[in-house]
Amino acid sequence: MPRLYGIVMLLCAVVQLVTGIRQYRKDRKTEDEPVDSNVKRSRLLSSRNVALGFLVIFLYVFFMKSLGFCISSTIMLICLSNLMLPSTVDRKKAQPIIILIAIVLPILAYLFFKKVVFMALPGGPFLNDII
Amino acid sequence: MLESFGIGLQAIATPLGILIILLGTIVGIVFGAVPGLSATTAIVLCLPLTYKMSSINGMALLISLFIGGISGGLVSAILTRIPGTPSSVATTWDGYPMTQKGEGIKALGIGIAASFFGTIFSIIVLIIAAPSLARVAIQFGAYEYFAVAVFSITMMASLSEKSMSKGLISGLLGCMFATVGMDPVGSTKRYTLGIRSMMSGFNILPVLVGLFAVCEIISYIGKARDSKGFETVEVNMSGVKGMGFTLREFWGQKWNLLRSAVIGCIIGILPGIGASTSNVMAYTVAKKSSKHPEKFGTGIIDGIVASEAANNASIGGAMVPLLALGIPGDSVTALLLGGLTMKGITAGPLLFVQNVDLVYSIFIAMVIASVLMLLIEFYGLRVFAKLLSLPKYYMLPVIFLFCIIGAYGVHNNIFDVWTVLVFGAVGFLFSKLDIPASPFILGFIIGPLAEANLRRGLMLSKGSFIPFLQSPIAIVFFVLAIISVAASTYSNYRKKNA
Amino acid sequence: MKKLAILLATMMLMTIAFAACASADTAWPEKTLELLVPYNAGGDTDFHARKLAEYLEPILGQKIIITNVEGGSGSIGMIDVMESEPDGYKMLYFHESMLTNNVVGICEYTHNDLDVCAASVVDDSYVLAVGAQTPYMTLDDLVAAAKESPDEIAFAASSGGYSYYLARLLEETTGIDLNVVDAGGTGARNSAVISGKMQVTAHVYGGLKAYIDSGDLRVLCALGEERNSLFPDIPTARELGYDMVGGRAYFLSFPKGTDPEIISKMRDAIEQVCQNEQFIKETQEAYMTIPSFLGTEELKARLDNNLAFFWANTHLLIEE
């Protein structure tokens, strides 16, 4: 019975996919913009940043258990915040605040969740025995 | 009855009791507002705390967490387009556009007012009619639930009118992803790929977080370089008095409010479906019955009102079967039931008789919590706005941090955090392909409901579909489903040939 | 003189060494312990675990924190403990669904992959109940009606769960054919019978008490070996002529390879708790069941027995 159900859903999905693709093609055809090199370069950088963003999050999750919540969160916060900095903001000036938040917040959160509500986030190599 | 209120009032209106309700509501709102943390999370974490308290205080704490939690979801939904809890998904549809127009405060204000209305409405219903309503609720068996699920699916399909097929793909994908895990009827493992943690499937919270929050973050990264105006969420504080909306605007919503609260109540009363579903249903119904349906999604208060009134009304609704019959209406009330049992209190038909003080103190606690919620959120409005005026490159990663905490907290398992990543990718794909993410969530929630009840119904009827059509309740919903499909096809047809 | 000094020094060293060894065994626990419950907070397993922990703390002299790791019908939490360090500081509190999980195919591990310690509760307060609107006043009525119309009377169960097993056991013992239907979780099963959509169900007395007292459900028989002292008016199935017994042990386990001294110490501690009057009273009040202690050997024997029984009777657990 589950198999039948799965097949039906799959069929529906395929049909929808086809109609969806058709629709998509139709929409794409109406899109046309002359793109100048500046915008193109910016777009490329943005795409690179997006990919980096994914990578950061992936590594964050991957290392969370081994490095522990605090360390991996700090790294993640620093990376993501930097990736999100608009080009208008002075990168150097923003760093100290970013780093400060990135270090303090995970520790506060970790302590709050461990002590107040007894939810233990991954401790990592050292934290488990200290706190 | 008045006497019972007196007893209840005495039991709960102690300084400690009020303090507990206050703290509970605040914590609930915070948990609700932060995407990744939800009312359920708050209650799971605080449940052990209640073991040391008296049963009345314990229940008061849990119920205030519930009320605050469900309501708090609107904050981030409106201001960041990330729903704070699954019950505020529909609030993002009109809430965020309003923020983009600079009307964020108004959206918050009316959302809070609607939440309050919904809660109070459902509490009144609860107090007046709980036992009889509960008896009706249990008449909903597999056949009836299946019919309700079918109806919900048709509603969800009609939501994405930009492209029906895209919406359907999204919804179907949601259903399919929901099948991962153990078969609800029978215990076969599906798509678990031999990974142990996949056995319980994907949990709605990390899915929601991934789909909405990660997606939002990644898209923002994509836009960040060229953005100047994107830096902060523009919230126009000047010239805003009171809650941000006028009395006339509020009064203009009266039918919407009432209708959405009723929908929320009904869905809440039915065990198995709750606030996560009711907010979307109410929104859809509001849209369909509105004189200006095309305005929905552009940033009008109707959408917010419908969503928030319904999701809070589901709270009182969910308490109906719990208090009247000891049957939990949703995951939160299941935890509440556990809390009661720990104290040696048998929740069941005799609860009203044997534990009058408890029942009525719960009612009163609910009312107090609702009022407190209103006040806290009202005064907090400006704080929320200030918080969100911080640059996004600080706020979003921090929000993400809490999302991850919430995701991890679901099962204390890193798997749920991976789920966030996976669905973040899915969400990103969706946004690139212009596929709406919301039907996915609906499919994810309703899909299993539909399937489990279809199969249970068939088990009961031994393979025959006839009993499905013999149940009066089921017939009602099937008819509604057909009407809904007919109506949207008709209006689509008219639009195309207009 | 030198020789004497060396002899004395050696003796001292040996004494210290012995003392250290001895205290290493009985020094446990020296820090906070973790008891893992493979279900969410608020359920019966969670309750029994917390109650046990509450009374163990003063005996062991250390704090015990409870962690809930839900999923896979309890198997995820179980495997979590299985893979932990066997240092005696992480324990599992689970029940005999561990066995049914294995037979039904949810989990490839059994109690043999852990070091079981002791059971604190053996819940034999299962009863068979029918809706108040049904015409069956006794178990015989039900059996007779089922024989007249096979596969008609609906039994509300949860697939792969204990209720399902009891349903099939009932069918086999009495030789009847019921329509055993998955009705969802406990709440849904109860609703189904109260509302009349289905007719029979089985559950622990405590779980049905609310509806029995309100008159929505009628208990036909108890499934213990003897009459339960908490509800002595209900006859057992055995008394009525049907050899059918149900019961579930809730027990504590350590990861495999834990020091036997630790296991033994915990076993004794649990035995002490089970004799504590307050503990008995509170368990009774909440779940209408009396704690009953099973030591390591008896527990293991019981689990081995039951596992073998389930494997020999898979048709009682799995839908075919």
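The chains referred to below are lettered A, B, ... by the order of the sequence lines, with proteins before strands, and numbering in each begins at 1.
For chain B, no part of C:Asp44 is nearby; none of its heavy atoms comes within less than 4.5 Å. With a 4.5 Å cut-off on non-hydrogen atoms, B:Phe140 touches chain C through its backbone but not through its side chain. At a 4.5 Å heavy-atom cutoff, C:Met288 makes no contact with chain B through either its backbone or its side chain. For chain B, no part of C:Ala156 is nearby; none of its heavy atoms comes within less than 4.5 Å. With a 4.5 angstrom heavy-atom cutoff, C:Asn179 touches chain B only via side-chain atoms. Interface remark: B:Leu47 contributes side-chain atoms only to the contact with chain C (heavy atom separation under 4.5 Å). Contact annotation for C:Asp216: only side-chain heavy atoms (C-beta onward) come within less than 4.5 Å of a heavy atom of chain B. The part of B:Ala347 that comes within reach of chain C is its backbone (N, CA, C, O), which places non-hydrogen atoms under 4.5 angstrom from that chain.
Between B:Ile43 and B:Phe66 there is a side-chain heavy-atom pair separated by less than 4.5 Å. The side-chain heavy atoms of C:Thr289 and C:Gln284, taken from C-beta on, include no pair separated by under 4.5 Å.
Aromatic ring orientation, C:Tyr126 versus C:His203: perpendicular (interplanar angle above 60°, classes split at 30° and 60°).
Scanning for side-chain hydrogen bond (donor to acceptor under 3.5 Å, both in side chains) contacts around C:Ser158 gives C:Arg189, with sequence neighbours left out. Among residues two or more places apart in sequence or in another chain, the salt bridge (charged side-chain N to carboxylate O under 4.0 Å, His left out) test is passed with C:Asp113 by none.
Per-residue counts of heavy-atom pairs under 4.5 Å with chain C were compared for B:Val44, B:Leu335, B:Leu325; the largest is that of B:Leu325. The candidate from C:Ala210, C:Ala192, C:Gly215 with the greatest count of non-hydrogen atom pairs under 4.5 Å with chain B is C:Ala210.
Geometric assessment of C:Arg248 against the ring of C:Tyr162 yields a positive cation-pi assignment under the 6.0 Å and 45° thresholds.
A salt bridge links C:Glu282 and C:Lys51; the closest N-O separation between the charged side-chain nitrogens and carboxylate oxygens is under 4.0 Å.
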